[in-house]
Amino acid sequence: MDTYSNAVGMLKNAITNAINKAIEKGELPQAEIPQFIIETPADRTHGDFATNVAMAGAKAFRMPPFKIAQAITSNLDLSETMCNKFETAGPGFINFFLGSEYYSAVIREILANPENYGNSDFGNGEKVMVEFVSANPTGPMHMGNARGGALGDCLAAVMQKAGYSVWREFYVNDAGNQIEKFGKSLEARYLQIFKGDEIIFPEDGYQGADIMELAKEYTEINGDKLLEVSSEERKNSLIDFALPKNISKMQSDMAKYKITYDKWFFESELHNSGAVKEVVDILTEKGLTYEKEGAIWYKNKDVVTEILLKEGKTQKYIDNLELKDDVLIRQNGNPTYFTADIAYHKNKFDRGFNTLIDVWGADHHGHVMRMKGAMEAIGYDGSKLNVLLMQLVNLIKDGKPAKMSKRTGKAIQLGDLLDEVPVDSTRFLFNTREANSKIDFDLDLAIAQDSQNPVYYVQYAHARICSIFKSLANDGIVPRECTDAELALLTADEELELINHLAGYTTEIITSARDYDPTKITRYVTQLATLFHKFYNACHIKGEAEELIQARLALCSCVKAVIKNILDMFNITCPEAM
């Protein structure tokens, strides 16, 4: 247990013992001890911890909270806690103040195992799959994929640190309708090379310049060999040539973005194995399909309605959702994307993953309930599927929206972005806002090497500490282990504030993992850098007494360790000099 959690646990025991003593003395009536919380106040001048136990017990003890607080505090023994005093406030809050033992324990805990500080067994080894990016392989990846990559990869890292067994996966849609459209688009561009405008480009085709480039590349290698073959053979040959190139580009872009997947899962595997047909058979056996106009439909409306009614939703609420049924097999006999997606999520559960996390674009909002319902329909726990809906990215340059790529004239591609902006900045900045909020990605800020750039600001704090150690080493001063008495010299507000922030790191990791929100850690480390710079400006190291120098060096070592811990976790460079 980390020092912070240990301190809270000790305090909770002391409060519980005080309540029991008050009951024994008749100062409180016999009653079951209520659930209460111990939290860190926003303003620590009011205490390092505060509890609502008196308010929580008002109903059980049938007494005003202030009198309950008096009964508790008159029987409170802090000798087995890390607090050295308390006070009551307002209607019955009890505030507690930590002693030097706590601050020393935090520093010792970090320095004992800096690389693993923040680790916990909160996740209890639960198998979690995080599927993210999963861009369509028919074209280049874009800015939304850049954001999804940063959020998904950093979330996976946080969950690993919180004790989950995490698997990263990229789902490649290399089958189905979009590949058909890809083939038609390639075929049209290929034929246009030889026959010009007499070849009409399909209205629903992919218009990107990349399609033309792929067709030209094929022609440069193979010439006109596809002119005399059937359309089907022509499309298949072009797809077999172009699709691996697109997928290879995706993989190289992800590697450049410092993302390593445990598996690139191909949709075609599901079709070839019969898994897609299997889910249709399962739903049919359960009476959840019907035929209409030559297609096979899934009773999505009935399934989702039943789930929502069980959750207590009203029929009026459900009617407003305007639920519809879904096609599983088209008139031409081909399964829809939705059918393959059901098979894919079934496959995830079948591989033993307890929790599934998908990072999707906000335009997939309507797909969430359908997929959860489909999981329930085929016999799995839909609540174990969690979807992070990611809002749009607004690209900013020179203070104005930037929508066009210099190279292509189209939306900026991930590859273009990584050519222009340092990967460290891209990963950090895309991880500064929660998935459900829009984000302005400022290209000028991302390349700035000053304190306005958040990642530079954090990296500079680490480099500054390295510089302090180097400078002192030149004077013959090197860090050593401190005594409790020496660590107790850290009493300045800036020092205690910094230690308190360090102490909360493990809890912040757990909260971030629990809420599926890695941006909490980005904000945490930015605040850590802020508090360090504040400490550095207020608390001198050189020229102080040797004992105080060593105590402050110990604190600097802790800050350095946690910054490195976080940047390493997020695959961001942690420089020793800048």
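These figures come from a predicted structure and were not determined experimentally. Only this structure's heavy atoms are used, side chains among them; waters, hydrogens and symmetry mates stay out. Index from 1, following the sequence.
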Evaluate ring-ring contact (aromatic ring centres under 6.0 Å, His included) for Phe430 paired with Phe441, printing each intermediate quantity in order.
-> CA-CA 7 Å; Phe430 273 129; Phe441 189 91; 4.5 Å; yes

Salt bridge check, [Y] against [X]: does any charged N sit closer than 4.0 Å to a carboxylate O?
X: Glu486; Y: Arg480; result: yes
X: Arg523; Y: Asp517; result: yes
X: Asp153; Y: Lys258; result: no
X: Lys520; Y: Glu434; result: no
X: Arg108; Y: Asp484; result: yes
X: Glu508; Y: Lys161; result: no
X: Lys534; Y: Glu497; result: yes
X: Lys21; Y: Glu27; result: no

Between Ile107 and Leu490, which heavy-atom pair has the shortest distance, and what is it?
-> CD1-CD1, 3.5 Å

Check: His345 ring centroid to Tyr380 ring centroid under 6.0 Å | no

When the ring centroid of Tyr117 is compared with that of Tyr505, is the distance short of 6.0 Å?
-> yes

Give a yes or no on whether the backbone of Ser79 and the side-chain of Asp77 come within a donor-acceptor separation of less than 3.5 Å.
-> yes

His364: what forms a ring pair (Phe, Tyr, Trp, His ring centres under 6.0 Å) with it, not counting sequence neighbours?
-> Trp360

Checking side chain to side chain contact (heavy atoms under 4.5 Å, CB included) against Phe428, which of Asn431, Thr432, Thr426 comes through?
-> Thr432

Is Gln449 atom CD crowded by more than 12 heavy atoms from other residues, nucleotides or ligands, each under 6.0 Å away?
-> no

